[in-house]
Every structure is written in C-alpha cells, then in structure tokens.
Amino acid sequence: MAFDNIKLEKGLYSTSKGFTASLEELDPSENYIGTDYEGLDAYQRQLKRFDIKVSGAGSDTISKFFRTTDSAALFPEYISRAVQQGLEEADILPKIVATTTVIDSLDYRAIESVPADEDKELVFVSEGAKIPETTVKTKDKLTKLYKRGRMLVASYEAIKFQKLDLFTVTLKQIGAYIARTQLLDALAAVESNEAVELVSGDDTVTYSDLVSLWDKLSPYHLTTLVATAPAIADMLGITEFKDSYAGQSFHGTGKMITPFGAEVLKLGKADGKRIFALDNSAAIEKVQAGGIVTEYDKLIDRQLERAAITVTAGFSTIFSDAAKIFEIEA
C-alpha cells in the first residue's frame, strides 16, 4: 500500500497544519474508500503499518514506537491524541461555550454587543420610522490567551516496557486537568466583564433566587447553571427539588431537576456559594491558538524527562446580558 513507503520525520510536526494534516497530504484518506482501511486517517494507517496497538488488552509497550526512526515519529501524535481524548471526556466547555474560534496567532480582538433594554424587544415599526439597531463592535482589549498544560516527567528506561493502554490513562488525566483549568478561565472571563450583573443573596440559595436569575437573564434562555458544591447542596435542599420524581432522577442518574430545565454543572473545588447562569448559545466565545502542542523533538529522541504538553486558549463574552452571577458572601 502507498502508506508503507512514506518517510516519517520531525518536519511533519513543524508545519502550521499539524502532523496528521501534513500526513494526509502525502497519503489522502479518499484513496482508501472501499478498502479495508476506509474509516482510518493517515496516522491510524501508519499505526497499522508498524503494527502498533495503542489500546485494548493486547496493546503494545511504549518501546514498540521506537523500533525504527520512522515509527518513533508517531509517538508525539499518540501523546497528543491521548491528551485530547482526556480533555474531551472531562470537558464541559461545549455546554457553556457558544462558539470556538481557532486562530494561528496570539493576538485576537473579539466582538461584543451590549444592548439596552429597549433593544431587546421587537417593536412595531411604522412606515418611514427608524428601525431599532443592534450594535456589534470590536472590544477595546485583546482576548487574553493562557497556555495550560503539564510537563511530562519520566525516563524512557522507566516506562519503555509499560503497556500503551495504561500510559494512555495517565495522559488522559493531563487532558482532564486542562479541561478543568479552561473552565475556570471561561468563568473568569464572565466575571471580569463589568457589564455582567452580579446578584447577591442571603445565607442560602432559595427558589426565589433561582427565579430571580431566570427573570434577569430574559430575553435570553437559562440553559446552564455552573455552581460551586455548597450552592448545589443548597439547591438540593429546596422543597421544589424534593418531590418523588426529582429525587428518583437525582439518585438514579446524578442529574438534578431544575425549575427551568437548565443543566446544573459542578464548579470544581471552588469555595463559597456562587452560581453562573448562562445562555450557552450567546454568552461565551472560546478562542484557541491551534491544538495540543507537544515537544515532539524530545519525544521522538526519547527525552521524556522534561517534555511539555500544552494548549493555548482564551475566552470572552459575546452578549454580556446572556450571563449573570449569583453570589452569597461568606
């Protein structure tokens, strides 16, 4: 097959497209339609070429990647994909982010709209009268991007005989860490927007507090509540959540029933009683500079002792009124 003759080298990682896209140009997947390799991308076909199994009970050891210089070039991509899998499994950002913008630079100026109350209603426009306006403008400040990741610290000699499926578990935890940190970055962007309204309460979260949040978010839809554990504990104690159906659902699936159909997400180990109320179709934009970046030189050369795995991303609010923050002061 054509993929058996491709020369794999570090240069495939240094292109702006990334390793898999560069490999796809050399070995297009469309050439394999109707064959046993249909459904595999160019990287997965290379794993087949070198008979490297990265998952399952029969997975190979890490040393299998380093039997040849060509197969060693596949190792950084394996690292990136395992981290990406962990990020996706632990990531709740898709439940709060309206759109993701991928850029190829570190400078990005987002747009925003801060409509007045009268701009949120569709009014009758008589003949010849001025049509109400929605103003969209670029923000005064650049969207701040943060590099999040981990340093992989392990000697090749210590891990070369470890099974790849076990090593994948460790790498997936790096992805989970990145996902949790990016969630905090997203909520920090909401919090830093001065136009986002802060609603305060007394002692405990009440049903009236949630109704107030729902009302203040109008005309946007309350789709998501991101809350700290103490705030969620209060919500579980609200009488309206204690009927038999709500209790059965929570104990059986771990999912709460809310008065407005909003999904409740737990905010890490944060202290205090805080709730972020969002319309996930209008509140937040994620800006990401490329994908997961690994120090491929070190990984290919088996210098795992200090190999960084990072993702660079930032967040900004789009419609500031599409998010509210509820807080009970300690």
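Start at 1 with the first residue, then count along the sequence. Computation of the quantities below employed the complete heavy-atom set of this structure, encompassing side-chain atoms and omitting hydrogens, waters and symmetry-equivalent molecules.
Every residue two or more places apart in sequence or in another chain that forms a salt bridge (charged side-chain N to carboxylate O under 4.0 Å, His left out) with K95 is listed here: E263. The side-chain contact (heavy atoms from CB on, under 4.5 Å) search around E38 returns I33, not counting sequence neighbours. L198 meets the side-chain contact (heavy atoms from CB on, under 4.5 Å) test with R274, I325, E327; sequence neighbours excluded. Residues satisfying the ring-ring contact (aromatic ring centres under 6.0 Å, His included) criterion with Y156, sequence neighbours excluded, are F66. Residues passing the side-chain contact (heavy atoms from CB on, under 4.5 Å) test with A322 are Y220, D279, A282, A283, F319, sequence neighbours excluded. For F167, the side-chain contact (heavy atoms from CB on, under 4.5 Å) partners two or more places apart in sequence, or in a different chain, are I62, F75, Y78, I79, L152, I159, L171.
Residue K48 qualifies as open at atom NZ: its count of foreign heavy atoms under 6.0 Å is 12 or below. Heavy-atom contacts from other residues, nucleotides or ligands closer than 6.0 Å to NZ of K144 number 12 or fewer.
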task = Show your working on salt bridge (Lys or Arg N to Asp or Glu O under 4.0 Å) between D41 and R81 and close with a plain yes or no.
result = CA-CA 13 Å; D41 62 25; R81 291 191 178 209; 2.9 Å; yes
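For the side chain to side chain donor-acceptor pair (under 3.5 Å) with E285, the lone residue among T317, T100, T101, T99 that qualifies is T101. When each of T143, D185, L93, I96 is tested with K286 by the rule side-chain contact (heavy atoms from CB on, under 4.5 Å), just one qualifies, namely L93.
Classification of E25 and K17 as a salt-bridged pair holds, one side-chain N sitting under 4.0 Å from a carboxylate O. Taking 4.0 Å as the cut-off between side-chain N and carboxylate O, D301 and K10 count as a salt-bridged pair.
No side-chain donor-acceptor contact under 3.5 Å links K172 to the backbone of A90.
To the nearest 0.5 Å, atom CD1 of residue I174 and atom OG1 of residue T310 are 11.0 Å apart. For the atom pair Y43 OH and L23 CG, the distance stands at 10.5 Å (nearest 0.5 Å).
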